[in-house]
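See structure below.
Not measured: the values here are computed from a predicted model. The sequence lines fix the lettering, A, B, ..., with proteins before strands; numbering per chain opens at 1.
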Protein chains: 2
Amino acid sequence: MMSYMKRDSRLSGVLHVLLHMAAAETPMTSEVLARAMDTNPVVIRRILAGLREQGYVRSGKGHGGGWVLACDLKKVSLRDIWSALGSPPLLAIGNRTETPGCLVEQAVNRALGKSFADAEARLLAQLGKVSLATLVADLKPSMAAHHKETL
Amino acid sequence: MMSYMKRDSRLSGVLHVLLHMAAAETPMTSEVLARAMDTNPVVIRRILAGLREQGYVRSGKGHGGGWVLACDLKKVSLRDIWSALGSPPLLAIGNRTETPGCLVEQAVNRALGKSFADAEARLLAQLGKVSLATLVADLKPSMAAHHKETL
DNA sequence: CATCATGTAACATGATGAGTTACATGAAGC
DNA sequence: GCTTCATGTAACTCATCATGTTACATGATG
């Protein structure tokens with residue numbers, strides 16, 4: 001029948017960018033990052049601007065400028081990044097109205113609300129358990145394997 | 001900073017409509033239902049058309065026509081309804097690409113994917129446990145209380 | 001001082017959900 | 001049979017919103 005609201009992939013995208021930065025030794029320009037993410041440099045800057053405000057990354061202008069990580073990967077969780085993105089909604093579905101006058105709707109909200117809150121809390125807990133360092137560690141083996149393949 | 005993707009409230013809306021139908025003894029027209037949901041009759045028909053195909057409701061034309069429930073409330077779960085709506089995505093966030101060539105992105109996907117799948121499964125399980133009958137039962141007390149208040 | 005890179009505002013674009021109109025189909029009542 | 005009522009559905013408009021793009025300012029490096 002219908003529709004299918006598109007999923008927000010900013011978290012995924014930002015992580016991608018951050019891992020690339022973690023792997024690089026010199027600052028990466030928005031242009032390079034944009035190519036990796038198949039998007040526009042301005043988009044990259046927009047997203048990273050938020051992270052910079054919270055100290056996760058730093059940016060430099062001019063020659064040799066670009067973006068570098070500015071945090072301890074072991075201490076930053078995926079939840080922190082999600083939070084830095086402005087805590088965008090995790091669930092795609094929700095209640096029609098938050099404070100309905102209709103008793104029927106109130107009953108619906110009670111029933112759904114509980115499940116929603118539960119799922120959200122659980123997902124957050126999971127994200128809180130994974131650090132950027134974990135991701136990097138998870139990445140290395142596959143990089144090595146790939147190297148081997150392409151020898 | 002930004003954005004906030006709107007949440008899909010179709011499930012919530014449909015349940016609202018279904019409960020109204022459960023409370024009514026005669027068929028309800030799309031017009032009446034639309035007023036209750038503060039929307040347009042055509043929108044109601046569009047949504048309910050999907051449910052009809054799967055036997056959850058029936059519709060009748062002409063005088064005395066309208067919409068009636070056609071299922072055993074005890075046997076239909078919120079998950080069933082979600083399913084009948086075409087199983088719209090439950091999560092608002094997702095991976096940027098499903099089958100990335102980039103190794104970095106693959107690592108990100110692995111990490112996020114697990115958490116996402118987990119949260120989704122859990123939410124579905126919860127929805128599977130709640131039947132429409134449960135909702136109706138949950139509704140009655142508050143209806144009674146409201147009656148009392150307004151005597 | 002030329003070049004490079006970010007910072008940011010402003011605008012363009014495209015996708016999508018919801019609302020609306022219009023008309024066809026068919027059932028009930030008279 | 002004819003009128004009325006209700007759904008069925010296509011087609012269109014409309015508003016919203018994320019993303020892409022352009023343009024220019026700021027500032028660092030060589």
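The CG atom of A/D8 sits 6 Å away from the P atom of D/dT19 (whole-angstrom rounding). Rounded to whole Å, atom C1' of D/dA6 lies 14 Å from atom CG of B/L48. The distance between atom CE of B/M21 and atom P of D/dT7, rounded to the nearest whole Å, is 11 Å. The distance from atom CD1 of A/I44 to atom P of D/dT21 is 13 Å, rounded to the nearest whole Å. The CD1-P distance, from A/I47 to D/dT19, rounds to 7 Å in whole Å. Distance, A/R58 CZ to D/dA28 C1': 15 Å, rounded to whole Å. Rounded to a whole Å, the CD atom of B/E31 is 15 Å from the C1' atom of C/dT21. Between the CZ atom of B/R45 and the P atom of C/dA18 there is a distance of 17 Å, given to the nearest Å.
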Paired and unpaired positions of DNA chain D as dot-bracket, Watson-Crick or G-U wobble under 3.5 Å, | denoting a partner strand: ||||||||||||||||||||||||||||||
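Placement of B/M37 and B/V42 in two distinct hydrophobic clusters is found when ILVMFWY residues are connected by side-chain heavy-atom separations under 4.5 Å, directly or transitively. Note: the hydrophobic cluster containing B/V68 does not contain B/V136 (ILVMFWY, side chain heavy atoms under 4.5 Å, direct or indirect links).
Taking the side chain as every heavy atom from C-beta outward, A/T29 and A/L33 never approach each other to under 4.5 Å. At least one side-chain heavy atom of A/L135 sits less than 4.5 Å from a side-chain heavy atom of A/L78.
In terms of the salt bridge (charged side-chain N to carboxylate O under 4.0 Å, His left out) criterion, A/R58 has no residue partners (sequence neighbours excluded). Scanning for side chain to side chain donor-acceptor pair (under 3.5 Å) contacts around A/E53 gives an empty result, with sequence neighbours left out. For B/E31, the salt bridge (charged side-chain N to carboxylate O under 4.0 Å, His left out) test picks out B/R35, with sequence neighbours left out. Applying the side chain to side chain donor-acceptor pair (under 3.5 Å) rule to B/T39 yields no partners; only residues at least two apart in sequence or on another chain are considered. Remark: B/L69 pairs with B/L18, B/M21, B/A22, B/V57, B/L73 by the side-chain contact (heavy atoms from CB on, under 4.5 Å) rule, at least two apart or across chains. In terms of the side chain to side chain donor-acceptor pair (under 3.5 Å) criterion, residue partners of B/S131 (sequence neighbours excluded) are, by chain and number, B/T134. Residues that satisfy the side chain to side chain donor-acceptor pair (under 3.5 Å) test with B/S77, not counting sequence neighbours, are B/D80.
Sorted by first and then second residue, the side-chain hydrogen bond (donor to acceptor under 3.5 Å, both in side chains) pairs with a member in residues 59-73 of chain A read A/S30-A/W67, A/R52-A/S59; sequence neighbours excluded.
Residues from residues 32-40 of chain A lying near DNA chain C, meaning a heavy-atom separation below 4.0 Å, are absent.
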Could you list all N or O pairs between the protein and nucleotides 10-13 of chain D that sit under 3.5 Å apart?
from: D/dA11; atom 1: N6; to: B/R46; atom 2: NH1; distance (Å): 3.3

Under 3.5 Å, which N/O atoms of the protein pair with N/O atoms of nucleotides 27-30 of chain C?
from: C/dA28; atom 1: N3; to: B/H63; atom 2: ND1; distance (Å): 3.3

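Between A/K114 and A/E120 no salt bridge is recorded (no basic side-chain N to carboxylate O distance below 4.0 Å).
For B/S30 and D/dT7, the shortest distance from a side-chain N or O to OP1 or OP2 is below 4.0 Å.
Distance alone, capped at 3.5 Å, places no donor-acceptor pair between the A/W82 side chain and the A/L127 backbone.
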